[in-house]
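We name chains A, B, ... by the order of the sequence lines, and we start the count at 1 in each one.
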Amino acid sequence: MFRTQRLHGVELKERFKSFSLHTPITDCPLPESVAIPLLQHKGTPAQLMVGIGEGVKRGQILAQAADGVSAAVHSSVSGVVKEIKEIRLYNGFVSQALVIALHSEQNVCFPPSDWEVLSSKEIFQRINFAGIVGLGGATFPTSIKLSGFPAVDTLVVNGAECEPYLSCDQAVLQQETEKVFAGISIVKKLMGARQVWIGIEKENHDSIAKMQEAIDRAQVDFQIKTLSSTYPQGDEKLLIRSCTGILVPADQLPGQQGILVLNVMTLRAIYEAVALNKPLIERILTLSGPGMKNPGNVRVPLGTSMKWVVQQMGGLKEGVTQILAGGPMMGFSLPDLDTPVVKGVSGILAFEDALVPLPEKEQKCIRCSLCIDACPFGIQPQLLYELLRKRKYEKAKIAFLFYCKECGCCDYVCPAKIPLVSYFKEGKRYLSGQKKSGKESQDE
Amino acid sequence: MSEYPVRFSPFIYGGDKTRKIMWSVSFCLFPALVGGVVFFGPLAAWIVGLCIITSLLSEWIFNLLFQQGNTLGDGSAFLTGLLLGLMMPPYVPWYIPVTGAFFAVGVVKMAFGGLGRNLFNPAIAGRVLVSLIWAKEMSHWQKPFYYLKDGLLKIDAVSSATVYAISGASPLELVANHQDKIVAAGLKNPLEAMKYFEKNWDYLDLFVGNIFGSIGETSALLLILGSIYLYKKKIIRFDLTFSFFATIALLAWMLGGLLFNRGLMSGDPLFHLLSGGVMLGGFFMITDMVTHPMTSGGRIFFGVGCGIITMLFRLFTYFPEGVMFAILIMNLLTPLINKMFVVYPLGYEK
């Protein structure tokens, strides 16, 4: 079997990024109330520190990181905690959330300070306190990631926004370049990295130009790697291989190879945390899709209802049949817009029927093996499909079911319109459920 | 109550549908079909039409029997009928195409579970069945109706009555079935053999198709033409077809001379590549996705295996044509080959 540098994966037909990059990043007007969930990251929900009726200030900590994998949650507005209720998140999870009614005055600001005088320990503490998580969508608590691997040689910056329609990372690269650049410098100093690679897809000329400008101005040796626009170029291990040529073994994390990957949005948040002492209380996301009246990138305080954001930015067109949170390849379809914007939401996309038709009836697999060709992670979707169809879960696990990243490449190319990712998700869920309840799974 | 339907990712699709793939293959066989009709007359079109109609009818009947809903739209039954028709000699009684097509679609494909679940290539299986039952009729070749020489269309003014009376052997049969005469006359290679038997065919004739043979098999030119689009669309794979053709060429060169008492490494690879069902088989039969392995290594193994078996049949058995048997045998091995050649995840160390 050949191990080439060529990325498998798919060439998506159209990327639609320019849709939303026409206009500069807009600030979303403040709503009347926000609902800030305690679970906006991978792991355990944060532990509540305030109660109902308390007044909170913008930037104040609401919940501290629990033990284990967790992150702190801060208030994005100044106001009064009205209630604590359970809400449904964009990814289907349910979490306790604080509903905060805003005061008319929101005058908390975060003046910049010189971060270069801070020691590594102080830098880390600020990142830790700020509740920063991976903002590319993975939402893994960043401070835990940074502390897990003290010996880092290479820092890889993920500017490859491989999902179509989403352009918030590019907007940040183009319009807040200095913040991203500072974030990179902060992390480089913190981790003592020797070299820095910045991966940006080749069609984003403006982003590459702006970043190159910043590098030239500061006269550092960061290197920009122009990436091919194949999906999913933004995956951690594929990005590392494209930038450095190193292939991280399947059972290892990049940190074990001395490599750290961080998303540009996360780096921007790191800059704000360290230099402005501002915790993660807002994020920039993309409103796009053919069903969105005014596509663009918008800066939203966390906890704002998506309905409010979409309304304020112009609203939806007639005949919208699908709303997605995230990108169309790996995002989540929403039953309605009554859910808050949280740390992991990188975009809200609206589709009309034409572009995202309801799925056709699943046909029989013709063994064309296009799915095997498309899979960037080297698994055989057809084999897993056959096994899972017959409910042979254990055999599917042996056939590397858990190495599937659910990127959707196989689904994208399947001529028989088989919902492969759904099969894999169901298989994984079944096997995880079996493991939790301690039962032996039976092959039927 | 949700405003919008909740589905799972991904939400965009880019691939061609099954239907489009099947009809694309049929479309790419069209040049070969036209060539067949030009060479062998309107009767060829009738035979191919019979095969197609029977295929469609068989699939429809079995759809009803199994209460499956109509699957005729996916174009696979049409394709099977078309392929089977192209493999028929240009003059066969009606019951041969009908039996072949019914067996191919009804038994080999539908009874196994329909599209995607058959073990054997239906068209090939149909052809093998009728070749074994009606061996004499299946090796009755007809003189091409029109001669196309050097780009000029010289219509041979032969009436249809006499056409059926002019018959003869295909190039492979000439070489295979007249061994004693060939050796006695001291002929060195297949081309000389053909001249000896008063068929002045050269490589160009073999390439264009101006020879005796099955309706769609003769013209390498038209088949290659049709295959270009399929390569581009990745419906047929380079590793599979190249391994097949390369093995044929290599073995033809290594062992082909044995028939002419010339020893090893003196055979005629071009002759073997251009005659018989190698071109049709290589581009359209072994590449039936359902019945060949799914990984690159598996496909190469499959192609090489088909090539070896084809040449063994051609050179060392009574059958002048080996492609169809080779494909059937390798189809049988495909599930095993799929287990042998496995893709490992990225970065996986065994």
* If you round to the nearest 0.5 Å, how far is OG of B/Ser9 from CD of A/Glu406? -> 7.0 Å

* Structure fact -> Bottom line for B/Ser76: the part with an atom under 4.5 Å from chain A's heavy atoms is neither

* Asked: Just by modelled atom types, is the A/Pro415 backbone N or O under 3.5 Å from a matching donor or acceptor in the B/Lys20 side chain?
  -> no

* **Toward chain B, the part of A/Lys425 with a non-hydrogen atom under 4.5 Å** => side chain

* Looking only at heavy atoms, which two atoms of B/Val6 and A/Pro335 are closest? And how far apart? -> CG2-CB, 3.7 Å

* To do: Sort A/Tyr403 into side chain, backbone, both or neither according to what part of it lies under 4.5 angstrom from a heavy atom of chain B.
  => side chain

* To do: Output the distance between atom CD1 (A/Ile366) and atom NZ (B/Lys17), rounded to the nearest 0.5 Å.
  => 13.5 Å

* Asked: Would B/Asp288 and A/Arg367 satisfy salt bridge (Lys or Arg N to Asp or Glu O under 4.0 Å), going step by step from the backbone distance to the final call?
  -> CA-CA 9 Å; B/Asp288 169 36; A/Arg367 300 172 181 260; over 6 Å; no

* To do: Name the option with the most non-hydrogen atom pairs under 4.5 Å to chain B; the candidates are A/Pro328, A/Gly327, A/Gly408.
  => A/Pro328

* Structure fact -> Interface check, chain B: of A/Gly378, A/Pro164, A/Cys409, most non-hydrogen pairs under 4.5 Å belong to A/Gly378

* Check B/Phe11 against A/Gly331 and note the closest heavy-atom contact, atom names and distance. => CE1-O, 3.4 Å

* Check whether A/Gln382 gets within reach of chain B through its side chain, its backbone, both or neither, counting any heavy atom under 4.5 Å. => side chain

* Answer yes if the side chains of B/Arg7 and A/Gln322 hold a donor-acceptor pair under 3.5 Å, and no otherwise. => yes

* Structure fact -> When every non-hydrogen atom of A/Gln380 is compared with those of B/Val343, the smallest separation belongs to OE1-N, 3.1 Å

* Measuring heavy-atom distances to chain B, does A/Leu334 have an atom under 4.5 Å in its side chain, in its backbone, in both, or in neither? -> backbone

* Mind ranking A/Val421, A/Ile379, A/Asp251, A/Ile323 by heavy-atom pairs under 4.5 Å with chain B and telling me who comes out on top? => A/Ile323

* Which atoms of A/Cys368 approach chain B - backbone, side chain, both or neither, heavy atom under 4.5 Å -> both

* Specify the closest pair of heavy atoms between A/Leu316 and B/Tyr4, including all atoms of both residues, with the distance to one decimal. => CD1-OH, 3.6 Å

* Structure fact -> Of the listed B/Met22, B/Arg117, B/Lys234, B/Arg19, the one with the largest count of heavy-atom pairs under 4.5 Å with chain A is B/Arg117

* To do: Mind listing the closest non-hydrogen atom pair of B/Pro10 and A/Asp411 along with its distance?
  => CG-CB, 3.3 Å

* Structure fact -> Result for side-chain contact (heavy atoms from CB on, under 4.5 Å) between B/Phe8 and one of A/Ser333, A/Ser422, A/Pro419 points to A/Ser422

* **Rounded distance (nearest 0.5 Å) linking atom CG of B/Leu346 with atom CZ of A/Phe400** => 12.0 Å

* What heavy-atom pair brings A/Ser369 and B/Arg299 nearest, and what distance separates the two atoms? -> OG-NH1, 3.4 Å

* Got a second to check how far A/Phe16's CZ is from B/Ile12's CD1, nearest 0.5 Å? -> 8.0 Å

* Asked: Which region of A/Ile372, side chain (C-beta onward) or backbone (N, CA, C, O), has a non-hydrogen atom less than 4.5 Å from a non-hydrogen atom of chain B, or is it both or neither?
  -> side chain

* Asked: With a 4.5 angstrom heavy-atom cut-off, which part of B/Leu115 approaches chain A: side chain, backbone, both or neither?
  -> both

* **Part of A/Val10 within contact of chain B (heavy atom distance under 4.5 Å)** => neither

